[in-house]
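Below, chain A is the first sequence line, B the second, and so on; all start at residue 1.
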Amino acid sequence: MPNIFHSKNKKNMSVLIFIDQSDGHLKKASFEAAAYGAAIAKQFNTNALALVLGNVADDLTQLGNYGISKVYQAQNDSFNHVDALVFAQVIAAVVKQLEASVVVFSHTQTGKAVAPGVAVQLKAGLVAGACALPDTTNGFVVKKTVFSGKAFALVNITTPIKVITLNPNSFGVQTTTGNATVEALDVEVPAASVKILATNKVSGEVPLSEADIVVSGGRGLKGPENWGMIEDLAHVLHAATACSRPVADAHWRPHHEHVGQTGVQIAPNLYIAIGISGAIQHLAGVNRSKTIVVINKDPEAPFFKAADYGIVGDAFEVVPKLTAAIKEMRSK
Amino acid sequence: MKILVCISKTPDTTAKIAFKNNNTQFEDAGVQWIINPYDEWYALIKAIELKEKDPSVILHLITVGGADCDVIIRKALALGGDEAIRVDTESDDSYVIATQIAAVAKEGSYDLIFTGKETIDYNGSAVGGMLAEMLQMPYIALATQFELNGSQAKVTREIEGGEEVDEVTLPAVISCQKGMAEQRIPNMRGIMAARTKPLKVVAPVATEALTHIVQYELPPAKAGVKLVTADDVATLVKLLHEEAKVI
Ligand SMILES: Cc1cc2nc3c(=O)[nH]c(=O)nc-3n(C[C@H](O)[C@H](O)[C@H](O)COP(=O)(O)OP(=O)(O)OC[C@H]3O[C@@H](n4cnc5c(N)ncnc54)[C@H](O)[C@@H]3O)c2cc1C
Ligand SMILES: Cc1cc2nc3c(=O)[nH]c(=O)nc-3n(C[C@H](O)[C@H](O)[C@H](O)COP(=O)(O)OP(=O)(O)OC[C@H]3O[C@@H](n4cnc5c(N)ncnc54)[C@H](O)[C@@H]3O)c2cc1C
């Protein structure tokens, strides 16, 4: 079996996982990327190393629970915002210093901004949006989603260093037990290429891309005044809320809730679609959800073909009942 | 001010996704091709708005692809832009595409380069970031608002759980998504004008692909929906809890 890690020097073999943080906290998607990178390291009987940039309040040794043996942390105030040019240069330098062969990011806003630059710096092949472990029986073949989730491509990376961004919720946050050691890393910090004027975070809500459960409403809900029952259902499920494109276009809901081919693409464990017909462009953004529930008064709505569970009925009647039933189950 | 907008062609959003030759090639028979929606609705329209505000802006469009892309680039020219460039080569590797665009961009010394957020076929969201790195320009990914002030721009971009407002000194590469501009429909005058706008075909620079698509797969078919009656939501809750184990 051809093994890219078969080099003379045993040190030349590690997998480096970039751990993204936001306001000093590690993110769920980063734990998943850590577990994925650790699984690759295991395939090759090598070490999974993590890189954290910036000041972090969370305990970094907990990354051991996802298979990381060593965490490198470079602290600098300028790392608390993602500057793509700066991050790409710093991360590429660390990859070279640690002689890592595989670099893993999560396919989130940060990964999308930074991984392509890292790949160019290292002249490494990039697979963006991976959804499975590499198959190394014949090269280094990574499966990724294409056509907005309607198909997969198996992509062979032919360069010595490989860069992968992992689709959130595609591998699972797999845990093990272990403690990671943390080592401070001195890196050269390039001059900033952008100046941050402001950051506005939506507080108090579950961010769509990180939510395990998403409750979504469409034009069938008739108007923004009817979203109370959607929010109630989302609340009992600790879910994020989403909507179809016409709903965002009509300003019934904010644009960042628009899911689909031209909106946010999500892959929660549970997606509940209420009063949404299931147009192909809508499905393209949600078809990677593990379980889909559809509530629609039209039995012919195309969404039922893509669903796991469904109720044919009037949302205004069904949704409050559903919320009550979940509350009741939770109280038992 | 010189602006370059990167245009890629993708199958229509309703196209049936199927593969041929032992699942190694996309089945393009009967497929309608469109301008990648992010490139058209957000990147191109925003650039056109900037030119409408300041007619001295020079607006070029670029695509990397075969002669079959000409229809798409003419469609883009019908919306606006002064001229188009097609680099005559095909690749499914983002690095190759970015290398080709970077070569043209260096030559043209553009102040601003707009790309879409991602292509809706290969979903790389990579070309913009690669291009920025190759040109050593600041890269603002996933921009939702853009305001030009002389040689600087104020750009709002999506970050995890919210947004960030950045100030950047040009030249810069911006990847565009929803919010940047409103969709437009080309008018007859634009379509007529596009026929006579220059479309330069240039030869590719030498480079090699760093990745290769080996094969495609379709997702397994869904088992079929389990329907529950409207007055029996308790059963649905039970199924979600015990069978699907998602609540
Ligand atoms: C290039 C392109 C890109 C697009 N991108 C996206 C995208 O990213 N995301 C997206 O969502 N769309 C997108 N669209 C639009 C898409 O084609 C559909 O038009 C849209 O998804 C429809 O939204 P909807 O389901 O909310 O509304 P409708 O299609 O109007 O469906 C409303 C549904 O509600 C049901 N309903 C009505 N009343 C009730 C009731 N009382 N109780 C229960 N059900 C009820 C109806 O039976 C119907 O099925 C795109 C289109 C194009 C051309
Ligand atoms: C199945 C399949 C079939 C394909 N068929 C063809 C084909 O028939 N003919 C062909 O020429 N190419 C074809 N391609 C190439 C494809 O259209 C893209 O150009 C290339 O794969 C880069 O995609 P990406 O997802 O990495 O781009 P992304 O990084 O997601 O793109 C981001 C942005 O970069 C810009 N960009 C991307 N690609 C180009 C480009 N080619 N030219 C200019 N700007 C671009 C756009 O602004 C885009 O919004 C095919 C790709 C696939 C996967």
Spatial distance of atom [atom1] ([X]) from atom [atom2] ([Y]) [nearest 0.5 Å]:
| X | Y | atom1 | atom2 | value |
| --- | --- | --- | --- | --- |
| Ile140(B) | Leu85(A) | CD1 | CG | 11.0 Å |
| Ile311(A) | Asp232(B) | CD1 | CG | 8.0 Å |
| Ser193(A) | Asp166(B) | OG | CG | 8.5 Å |
| Leu237(A) | Leu240(B) | CG | CG | 9.0 Å |

Does a side-chain heavy-atom distance below 4.5 Å link [X] with [Y]?
| X | Y | answer |
| --- | --- | --- |
| Glu208(B) | Thr158(A) | no |
| Leu210(B) | Ile157(A) | no |
| Glu164(B) | Ile196(A) | yes |

Exercise. Where do Pro37(B) and Thr262(A) come nearest, in terms of heavy atoms and distance?
Worked result: CB-CG2, 4.1 Å
Seminar exercise, completed: Minimal heavy-atom distance between Ala325(A) and Val237(B), with the atoms involved, is CB-CG2, 3.7 Å
Against chain A, label [X] side chain, backbone, both or neither, depending on which of its atoms sit under 4.5 Å from a heavy atom there.
| X | answer |
| --- | --- |
| Leu239(B) | both |
| Asp92(B) | neither |
| Glu182(B) | neither |
| Tyr122(B) | both |
| Tyr139(B) | both |
| Lys117(B) | side chain |
| Ile120(B) | both |
| Ser94(B) | neither |

Exercise. Looking only at atom types and distance, does a side-chain atom of Thr211(B) sit under 3.5 Å from a main-chain N or O of Asn156(A), one as donor and one as acceptor?
Worked result: no
Exercise. Using a cut-off of under 4.5 Å for heavy-atom pairs, which of Leu142(B), Asp93(B), Thr169(B), Thr14(B) has the most such pairs with chain A?
Worked result: Thr14(B)
Problem set entry | Among the listed options Val233(B), Val165(B), Val214(B), the residue most often paired with chain A at heavy-atom distances under 4.5 Å | Val165(B)
Choice from [options] maximising heavy atom contacts with chain B below 4.5 Å:
| options | result |
| --- | --- |
| Glu328(A), Gln265(A), Glu317(A), Arg288(A) | Gln265(A) |
| Ser148(A), Ala84(A), Ala124(A) | Ser148(A) |
| His238(A), Lys112(A), Gln261(A) | Gln261(A) |
| Ile280(A), Leu197(A), Val294(A) | Leu197(A) |
| Ala119(A), Ala306(A), Ala29(A) | Ala306(A) |
| Lys305(A), Arg330(A), Gln89(A), His258(A) | His258(A) |

Using non-hydrogen atoms and a limit below 4.5 Å, what part of [range] faces chain A?
| range | result |
| --- | --- |
| residues 152-160 of chain B | Lys154(B), Arg157(B), Glu158(B), Ile159(B), Glu160(B) |
| residues 217-230 of chain B | Glu217(B), Leu218(B), Pro219(B), Lys222(B), Gly224(B), Val225(B), Lys226(B), Leu227(B), Val228(B), Thr229(B), Ala230(B) |
| residues 123-137 of chain B | Asn123(B), Gly124(B), Ser125(B), Ala126(B), Gly129(B), Met130(B), Ala132(B), Glu133(B), Met134(B), Gln136(B), Met137(B) |

Go through the atoms of [X] and report whether side chain, backbone, both or neither lie under 4.5 Å from a heavy atom of chain B.
| X | value |
| --- | --- |
| Lys290(A) | backbone |
| Val293(A) | side chain |
| Asp314(A) | neither |

Decide if atom [atom1] of [X] counts as having more than 12 heavy atoms of other residues, nucleotides or ligands within a radius under 6.0 Å.
| X | atom1 | answer |
| --- | --- | --- |
| Lys195(A) | NZ | no |
| Lys327(A) | NZ | no |
| Lys20(B) | NZ | yes |

Exercise. side-chain contact (heavy atoms from CB on, under 4.5 Å) between Asp231(B) and Lys321(A): does it pass, once the steps are laid out?
Worked result: CA-CA 8 Å; Asp231(B) 46 21; Lys321(A) 276 203 238 164; 4.0 Å; yes
Exercise. Using the ring of each side chain (for Trp, its six-membered ring), is Phe26(B) parallel, tilted or perpendicular to Phe147(A), with breaks at 30° and 60°?
Worked result: parallel
For this session: Can you sort out the partners of Asp111(B) under salt bridge (charged side-chain N to carboxylate O under 4.0 Å, His left out), two or more places apart, ordered by chain and number?
Result: none
For this session: Kindly determine whether Leu126(A) and Tyr95(B) satisfy side-chain contact (heavy atoms from CB on, under 4.5 Å), including the steps that lead there.
Result: CA-CA 8 Å; Leu126(A) 166 72; Tyr95(B) 182 84; over 6 Å; no
Problem set entry | Trace of the side-chain contact (heavy atoms from CB on, under 4.5 Å) decision for Val246(B) with Ile213(A) | CA-CA 8 Å; Val246(B) 287; Ile213(A) 303 180; 5.9 Å; no
